Every structure is written in C-alpha cells, then in structure tokens.
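Everything numeric here is computed off the predicted structure, so don't read it as measured data.
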Amino acid sequence: MAATPATTFLKARKFAFDLLEYAHDPRAEAYGLEAAEKLGLDPASVFKTLVVTDGAKAHALALVPVAKKLGLPLAARALGWKRAEMGDRADAQRLTGYVLGGISPFGTKRPLPVVADATLMLSDRVCVSGGRRGLEIR
C-alpha cells in the first residue's frame, strides 16, 4: 500500500494507527457511509472531514460522523467566526492536497484549524480518511 501525506504525517510523529482498506466504488456518492458499510463499522465511529470557510479568507476542517450533517452555526462558533459555510470543491482540494472523499485531517497541504463533533471523544477508536478514497485510518 502506497503512503499518503496522512500516513507519512502520523508515522513521522510516531502515532499508533491502523489502516483499513476497501474497494471504493466510483459510483458512491456518500464516501464516508460507503467506508463504514464496506468495512463493517458503526457509522458513529467513522468521521468525514469537511472544509469550511468564513466566507472570506479563513478555512478550517470539521470532523463529523458520516451519518450526520455539519451544523454550520456550531462550527462558526467553535472557530470564533461570525458565520461558516461549506468550502467549495476546488478550495477543498487545493488547500488539503486531497481529492474529495479522501480528505484527511492529517498531512494537509496547508495547516488548517480543526473542529470536531463532540461524539469523537465517545469512542475508543474512530476512523478518518487515510488520504485517498478506499483508505481509512483508525
């Protein structure tokens, strides 16, 4: 399995993690739900990484369980912004260096603040994208 910026980032910092790989279906529309289903994981323990913006220059990452929607007002409050909106696809890929469906909170091209749904702390182990579609980091 080829390294990704996410796995390189974690290895360089000596974090312990597992890689979970699955055959990504290019027709899948909900990448995180696809990962949970194909890996037999509880969707509450699989988090998607979304790029948000304040509508001007600031960007951040938001980690949300794959079966939930991001609360933009909550994300804005957590980031100290007046408002938040979803970043556009091109910005997401440019800022992170990852393709949509493979955006990891680790090893992004540009360091970005991260906010996470509080349920992240409720599980002993959670999964996030490993830096490409079909690869999860646990």
- Task: Could you give me the CA-CA distance, side-chain angles and deciding distance for E136 and R138, then say whether salt bridge (charged side-chain N to carboxylate O under 4.0 Å, His left out) is met?
- Result: CA-CA 6 Å; E136 293 289 306; R138 179 172 49 193; over 6 Å; no
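- In this structure, the side chain of T4 engages the main chain of T7 through a donor-acceptor pair within 3.5 Å.
- Residue C127 comes nearest to L20 through the heavy atom pair SG-CD1, 3.8 Å, listed as atom of the first residue, atom of the second, then distance.
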- So V51 and D91, side chain to side chain contact (heavy atoms under 4.5 Å, CB included) or not? Walk me through it. CA-CA 8 Å; V51 175; D91 280 346; 5.6 Å; no
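- Contact between L10 and F17 at its shortest, heavy atoms only, is CB-CE2, 3.5 Å.
- Two different hydrophobic clusters hold V46 and L122 under the rule that ILVMFWY side chains link at heavy-atom gaps under 4.5 Å.
- Side chain of T96 to main chain of I103: no donor-acceptor pair is present (N/O by atom type, distance under 3.5 Å, no hydrogens or angles).
- Around CD of Q93, the count of heavy atoms belonging to other residues, nucleotides or ligands within 6.0 Å exceeds 12.
- Linking ILVMFWY residues whenever their side-chain heavy atoms come closer than 4.5 Å, directly or via other members, places L135 and L100 in the same cluster.
- Between the side chain of E85 and the main chain of V52, no donor-acceptor pair closer than 3.5 Å is present.
- Not one N or O on the side chain of R132 forms a donor-acceptor pair closer than 3.5 Å with the backbone of V99.
- Rounding to the nearest 0.5 angstrom, the gap separating the CD atom in E34 from the CD atom in E29 is 11.0 Å.
- Scanning all heavy atoms of the two residues, the minimum distance from A35 to Y22 falls at CB-OH, 3.4 Å.
- To the nearest 0.5 angstrom, F106 atom CZ is 10.5 Å from L61 atom CG.
- Summarising the geometry of T119 relative to F47, their closest heavy-atom pair is OG1-CZ, 3.7 Å, with the distance given to 0.1 Å.
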- Query: So L95 and K109, side chain to side chain contact (heavy atoms under 4.5 Å, CB included) or not? Walk me through it.
  - Reply: CA-CA 6 Å; L95 294 168; K109 191 182 246 185; over 6 Å; no
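- Proximity of a side-chain donor or acceptor of S45 to a complementary backbone N or O of V126 within less than 3.5 Å is not detected.
- Separation of atoms CE (M86) and CG (L70) is listed at 6.0 Å; rounding is to 0.5 Å.
- The distance from the CZ atom of R83 to the CH2 atom of W81 is 10.5 Å, given to the nearest 0.5 Å.
- The main-chain N or O of G102 is found under 3.5 Å from a side-chain atom of S129 such that the two form a donor-acceptor pair.
- Here the side chain of K48 pairs no donor or acceptor atom with the backbone of A30 at under 3.5 angstrom.
- In terms of heavy atoms, D117 sits closest to V64 at CB-CA, 4.3 Å.
- Across A6 and Y98, no two heavy atoms sit closer than the pair N-OH, 3.0 Å.
- Other residues, nucleotides and ligands contribute at most 12 non-hydrogen atoms within 6.0 Å of the CZ atom of R89.
- Connection of V128 to V114 is established within a shared hydrophobic cluster, with ILVMFWY side chains joined at heavy-atom distances below 4.5 Å, either directly or through further cluster members.
- When the side chains of ILVMFWY residues are joined at heavy-atom separations under 4.5 Å, either directly or via intervening members, L63 and F15 end up in a single hydrophobic cluster.
- Expressed to the nearest 0.5 Å, how far CZ of R77 lies from NZ of K82 amounts to 15.0 Å.
- Salt bridge annotation for D25-K38: absent, with no cationic side-chain nitrogen under 4.0 angstrom from a carboxylate oxygen.
- No chain of hydrophobic side-chain contacts below 4.5 Å, direct or via other Ile, Leu, Val, Met, Phe, Trp or Tyr residues, connects V115 to L120.
- Interatomic distance, CG of L33 versus CG of L41, reported as 11.5 Å (0.5 Å rounding).
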